[in-house]
Amino acid sequence: PVYTTCMPEVIGDDLTAYIKNAKQKELIPEDIPTPYANTPSFNGTHIHGYDAMLRAILKDLTAGQKIEDKCTGKLNIIPGFDGNVGNLREYKRICELMGIPYTMLADVSDVFDSGCDGEYKLYPGGTKLEDAAESINGKATIAMQKYSTANTMKFINAEYAGAKEVLPMPFGIKKTDEMLLKLSELFGKPIPEELKKERALAVDAMTDAHQYLHGRKFAVAGDHDYLLGIVSFLLEMGAHPWHIVCSRATKKFKKEMDALLETSPFGEGCTCYINKDLWHLRSLLMTDPVDGIIGDTHAKWADRDAGIQLV
């Protein structure tokens, strides 16, 4: 795949011509798919670049592959912009337990976490090109994030066969139940006893931890879909997601977050700040302290200055 950065966008480089000339000069083998996407650094964030590139890859690989009335019987699962490979592996494990054949678009679990055994692997794991090409004839397509797959799902809704769904990330009991019930509905599969037992253990663990989290205030920072999942889980635990910070967000996202907060008494008094950065979060922590911070490692500076633990 070819993606741009700031300068090619400012200059106006012709990617179509570059790729065509590269193949004519045999710098790129003719039979290698070479999708491209415009991903200027001054427009949007990493989730928008991910979305543009995924759409471009699927559009390129599935061109001419759609066959009327053909169904692979498989689930296409799109994890979204999620660097936590544990989540991707859990999605796959759940599908396997339920007996649902699947194609993950795209499966980076082994690419990001290939292990170190002394043997270098150029392309560990991943999604096979032929499986991605066949995905257009799948039985159903589910995106596990809404905001990082917006344009990809527009393409899929227009071109792909089968059912299409966008689900919230399965943080906590309620959202995980939604995912499992949707898979069961789409594929006519019962919820396995193993997953029911794991759910009971999760509820037990949440009950045990409830006394430590109930009534506590948290500051949360991150991407749109992650924030919706984390806030949902905190509300289930009886905690207050007091400060919610999301950079490069829209009023539509804030409206959705505010609606989520209104579903629980623990959301009262909590505030979602859009188009604010971690420096703004630091200011909030200094003037209106909380009991803990949930975010990525970039929040460590706010953690150190405010003396509040980062999770």
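Bear in mind the structure is a predicted one, so any value in this text is a computation, not a measurement. Hydrogens, waters and symmetry mates are skipped; everything else that's a heavy atom, side chains included, is used.
Screening Ile191, Leu75, Leu167 for a side-chain contact (heavy atoms from CB on, under 4.5 Å) involving Leu183 leaves a single residue, Leu75. The side-chain contact (heavy atoms from CB on, under 4.5 Å) test with Leu105 is passed by exactly one of Ile77, Thr141, Asn76, Thr149: Asn76. Among Lys70, Lys128, Gln65, the single residue meeting the side chain to side chain donor-acceptor pair (under 3.5 Å) criterion with Glu134 is Lys70. With respect to Val245, the side-chain contact (heavy atoms from CB on, under 4.5 Å) criterion is satisfied by exactly one of Thr271, Leu227, Leu281: Leu281.
The two residues Phe253 and Ala249 make their nearest non-hydrogen contact at CD2-CB, 3.7 Å. Of all the heavy atoms in Met98 and Ser184, the pair that sits closest is CE-N, 3.9 Å. Of all non-hydrogen atoms in Ser148 and Gln145, the two that sit nearest each other are OG-OE1, 2.6 Å. Closest approach of Tyr147 and Glu256 over heavy atoms only: OH-OE1, 2.5 Å. Of all heavy-atom pairs between Ala299 and Ile293, the closest is CB-CG2, 4.4 Å. Across Asn38 and Tyr36, no two heavy atoms sit closer than the pair OD1-CE1, 4.3 Å.
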Review item, side-chain donor-acceptor pairs of residues 302-309, under 3.5 Å, at least two apart:
residue	atom	partner	partner atom	Å
Asp305	OD2	Arg282	NE	2.8

Tabulate below the donor-acceptor pairs under 3.5 Å that side-chain atoms of residues 214-222 make, not counting sequence neighbours, or state none.
none

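Donor-acceptor pairing under 3.5 Å is lacking for the side chains of Asp291 and His240. No hydrogens or angles considered: nothing links the side chains of Thr127 and Asp107 as a donor-acceptor pair under 3.5 Å.
Residue Ile230 holds its CD1 atom at 12.0 Å from CG of Leu235, rounded to the nearest 0.5 Å.
The residues Glu194 and Arg93 are annotated as salt-bridged, a charged nitrogen and a carboxylate oxygen being separated by less than 4.0 angstrom. Classification of Glu236 and Lys174 as a salt-bridged pair fails, no side-chain N sitting under 4.0 Å from a carboxylate O.
Residue pairs satisfying the side chain to side chain donor-acceptor pair (under 3.5 Å) criterion with at least one member in residues 111-123, sequence neighbours excluded, are listed as follows: Arg89-Asp113, Asp117-Lys121.
Residues passing the ring-ring contact (aromatic ring centres under 6.0 Å, His included) test with Phe171, sequence neighbours excluded: Tyr226. Taking the ring-ring contact (aromatic ring centres under 6.0 Å, His included) definition, one finds that His243 meets it with nothing, sequence neighbours left out. The ring-ring contact (aromatic ring centres under 6.0 Å, His included) search around Tyr3 returns none, not counting sequence neighbours.
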